[in-house]
Amino acid sequence: MYRIGIAFLLILAFSCQKTTDSICDSGKELRDVAPFPIGTTEDGVVFNWQKAQGSRYFNRISSENILKMENLAPRRDSFNFWPCSWLSREAKNAGYQYLHIHPVIWHRQLPYWLANYPKNQLKNFLTDYCRQFKKAILLAESIQTTGIDVVNEALNEDGTLRSSIWMQGIGKEYILEAYRIFSELDPQYKLFYNDYNLALNPAKLDAALDLCDWLRSQGVRVDGIGMQMHINLQEPSSSDIADAFAKITNRGYLLHVSELDISINPYGKANAATSDLLDKQADKFVEVIELYRHIPAHYQYGVTVWGISDRNSWIPGEFNRFDAPLLFDQNNDKKPAYCSFLNALNQ
Ligand code: 9MR
């Protein structure tokens with residue numbers, strides 16, 4: 001009886017040890033355990049010539065701002081593609097493995113001079129820009145470029161095409177032209193259509209899928225959909241996220257959770273990150289990862305968190321409110337969400 005009691009206590013002690021001993025204390029980080037590439041963005045930091053921080057935790061980097069058109073075509077008469085090779089080299093030196101190029105054609109962060117550009121010459125400009133960008137990607141091979149957001153945010157919330165400068169000057173064909181040029185790349189470069197609110201708004205997701213199907217029917221390559229996933233603690237719900245993931249993969253597209261962050265203060269009512277909010281945020285990060293892990297592995301292009309520390313998040317500046325949507329806090333310390341995220345990736 002006495003022996004059985006000791007054995008029972010030992011088993012109990014061992015199992016308690018196992019539960020408290022989560023992967024978080026093991027020295028392993030996200031990139032060590034993730035079954036797919038796990039990305040971040042930090043060119044807010046590296047662009048200021050500081051040392052990159054994220055490669056200890058993440059193995060893929062997305063270009064946050066540095067490869068936007070305002071930087072690559074700053075003057076009307078010349079392109080400036082050096083940031084492409086610079087980022088690829090810096091990312092490699094910092095210890096990243098993969099680069100995701102974001103974005104080629106977008107309606108924001110355009111060069112100022114483009115507003116007065118003759119509309120009837122826009123198509124030639126777009127063609128030339130895409131060709132030169134494609135060449136620059138091929139030359140910038142310090143680390144492997146795994147994917148490219150060829151067109152970003154072309155859709156309105158009701159699923160119609162956004163009336164951007166590209167739509168106004170060229171029409172829907174601008175999208176086809178951009179994918180046509182990038183389709184010439186070797187298929188190892190995965191071509192994405194990237195947009196926001198795709199889980200929250202099924203009409204917009206359907207429109208994105210229809211757009212990509214249409215592109216494919218025109219003979220160009222579109223490999224995947226980037227769901228940005230700038231989400232919050234309440235929305236979208238777990239079942240909305242699951243439905244969106246399933247729709248995308250059932251239609252035969254790779255899925256990139258491309259700009260994940262989880263606002264804890266979407267309505268601007270909080271002014272501090274309470275432990276209750278941080279725990280809820282951790283749970284929501286886990287929810288996303290668990291759902292993502294359930295899609296077939298060959299559709300898992302990876303999950304990218306949109307920044308490292310709350311200090312560099314785009315949200316407080318853009319919406320003029322307090323928020324803390326990322327995995328590291330203002331002091332670059334890990335938040336509760338980091339450990340939960342790590343454990344969820346390690347399942
Ligand atoms: O994170 C980017 C931020 O630093 C910029 O100020 C902002 C300006 O447009 O763009 C942010 O990134 C956006 C991304 O390129 C496309 N999806 C939405 C992201 C957040 O606005």
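Looking at Asp158, its side chain does come within 3.5 Å of a backbone N or O of Thr160 through a donor-acceptor pair. Of the possible polar contacts, one joining the Asn201 side chain to the Glu157 backbone as a donor-acceptor pair under 3.5 Å is found. Looking at Tyr299, its side chain never comes within 3.5 Å of a backbone N or O of Phe245 through a donor-acceptor pair. Side-chain atoms of Thr41 come within 3.5 Å of backbone atoms of Ser62 as a donor-acceptor pair (strictly under, hydrogens ignored). The backbone N or O of Ile38 lies less than 3.5 Å from a partner atom in the side chain of Asn59, making a donor-acceptor pair. Counting only distance, with no hydrogens or angles, the side chain of Arg221 and the backbone of Leu185 share a donor-acceptor pair below 3.5 Å. Ser88 places a side-chain N or O within donor-acceptor distance of the main-chain N or O of Ala140, the cut-off being under 3.5 Å. Between the side chain of Ser340 and the backbone N or O of Val286, no donor-acceptor pair lies under 3.5 Å. Arg60 places no side-chain N or O within 3.5 Å of a backbone atom of His100 that could act as its donor or acceptor partner. Formation of a donor-acceptor pair under 3.5 Å by the Ser183 side chain with backbone atoms of Tyr179 is found in this model.
The residues Glu29 and Lys334 are annotated as salt-bridged, a charged nitrogen and a carboxylate oxygen being separated by less than 4.0 angstrom. Here Arg180 pairs with Glu177 in a salt bridge; the nearest charged N to carboxylate O distance falls below 4.0 Å. A salt bridge does not link Glu153 with Arg108: none of the charged nitrogens is closer than 4.0 Å to a carboxylate oxygen. We find that Arg251 and Asp210 are joined by a salt bridge, their nearest charged nitrogen and carboxylate oxygen being less than 4.0 Å apart. One finds no salt bridge joining Asp243 and Lys247 here, because no Lys/Arg side-chain nitrogen approaches an Asp/Glu carboxylate oxygen to under 4.0 Å.
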Report task. For ring pair (Phe, Tyr, Trp, His ring centres under 6.0 Å), just list the numbers for Tyr129 and Phe79, CA-CA rounded to whole Å, side-chain angles, deciding distance to a tenth of an Å, and then say yes or no. Result -> CA-CA 8 Å; Tyr129 182 77; Phe79 293 134; 5.6 Å; yes

Requested in this report: Tell me, with the steps shown, if Glu173 and Lys123 meet side-chain contact (heavy atoms from CB on, under 4.5 Å).
Outcome: CA-CA 9 Å; Glu173 208 193 317; Lys123 173 129 188 256; 2.9 Å; yes

Requested in this report: Starting from the C-alpha separation in whole Å, work towards a yes-or-no answer on side-chain contact (heavy atoms from CB on, under 4.5 Å) for Val305 and Phe341.
Outcome: CA-CA 11 Å; Val305 184; Phe341 197 72; 4.0 Å; yes

Query raised in the report: Could you go step by step and tell me if Ser238 and Leu291 meet the side-chain contact (heavy atoms from CB on, under 4.5 Å) rule?
Result: CA-CA 8 Å; Ser238 169; Leu291 293 169; 3.9 Å; yes

Report task. Could you check Phe36 against Leu345 for side-chain contact (heavy atoms from CB on, under 4.5 Å), going step by step and ending with a plain yes or no? Result -> CA-CA 9 Å; Phe36 37 75; Leu345 284 169; 3.6 Å; yes

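Using a 4.5 Å heavy-atom cutoff, the side chains of Leu30 and Thr40 are not in contact. A 4.5 Å side-chain heavy-atom check between Met69 and Leu114 finds at least one atom pair inside the cut-off. At least one side-chain heavy atom of Leu233 sits less than 4.5 Å from a side-chain heavy atom of Ile264. With a 4.5 Å cut-off on side-chain heavy atoms, Phe285 and Val288 do not count as touching. Looking at His102 and Lys68, their side chains come closer than 4.5 Å, going by heavy atoms from C-beta outward. A heavy-atom distance below 4.5 Å is found between the side chains of Tyr301 and Thr146. A heavy-atom distance below 4.5 Å is not found between the side chains of Tyr189 and Phe182. Looking at heavy atoms from C-beta onward, Ser258 lies out of side-chain contact with Met229 at the 4.5 angstrom threshold.
Grouping the Ile, Leu, Val, Met, Phe, Trp and Tyr side chains by contacts below 4.5 angstrom, directly or via other members, places Val150 with Leu72. The hydrophobic clustering, which links ILVMFWY residues whose side-chain heavy atoms are closer than 4.5 Å, places Ile148 and Leu139 apart. Hydrophobic cluster membership is shared by Leu198 and Val257, with clusters built from Ile, Leu, Val, Met, Phe, Trp and Tyr side chains linked at under 4.5 angstrom. Leu277 is not connected to Ile315 by any chain of hydrophobic side-chain contacts under 4.5 Å among Ile, Leu, Val, Met, Phe, Trp and Tyr, and they are in different clusters. Ile225 is not connected to Trp306 by any chain of hydrophobic side-chain contacts under 4.5 Å among Ile, Leu, Val, Met, Phe, Trp and Tyr, and they are in different clusters.
Taking each heavy atom of His107 and Arg162 in turn, the nearest pair found is CE1-NE, 3.2 Å. For Tyr174 against Ser164, the heavy-atom pair with the smallest separation is OH-OG, 4.2 Å. Minimum heavy-atom separation, Lys335 to Leu278: CE-CD2, 3.6 Å. What you find for Cys212 and Val222 is that their closest heavy atoms are SG-CG1, 3.9 Å. Heavy-atom minimum distance, Val151 versus Ala178: CG2-CB, 4.1 Å. Minimum interatomic distance between Val104 and Cys130 (heavy atoms only, all atoms of both residues): CG1-SG, 4.1 Å.
Ring to ring, Phe328 and Tyr338 are close: their centroids are under 6.0 angstrom apart. In this structure, the ring of Trp86 has its center no less than 6.0 angstrom from the ring center of Phe81. For an aromatic pair to be called close, the ring centres must be under 6.0 Å apart, and Tyr193 with Tyr253 fails this. Ring centroid separation for the pair Trp113 and Phe125 comes in under the 6.0 Å cut-off.
Checking Leu110, Leu126, Asp149 one by one against Ile105, the side-chain contact (heavy atoms from CB on, under 4.5 Å) holds for a single residue, Leu126. With Tyr196 as the fixed residue, the side-chain contact (heavy atoms from CB on, under 4.5 Å) test singles out one of Gln228, Glu259, Met227: Gln228.
Between Asn65 and Gln109, the side chains place a donor N or O and an acceptor N or O closer than 3.5 Å (distance only, hydrogens not considered). Between the side chains of Asn152 and Asn194, at least one donor N or O sits under 3.5 Å from an acceptor N or O.
Remark: Gln168 CD to Ser163 OG distance equals 4.0 Å, nearest 0.5 Å. Separating the OH atom in Tyr292 from the CD1 atom in Ile289 is a distance of 8.5 Å, to the nearest 0.5 Å. Here the CD1-OG distance, from Ile143 to Ser55, works out to 10.0 Å after rounding to the nearest 0.5 Å. Taken from CG in Asn232 to OH in Tyr267, the straight-line distance is 5.0 Å, to the nearest 0.5 Å. Expressed to the nearest 0.5 Å, how far CG of Leu327 lies from OH of Tyr57 amounts to 11.0 Å. Taken to the nearest 0.5 Å, the CD1 atom of Ile262 stands 4.0 Å off from the CD1 atom of Ile231.
In this structure, Asn320 places its CG atom where only 12 or fewer heavy-atom neighbours from other residues, nucleotides or ligands lie under 6.0 Å away.
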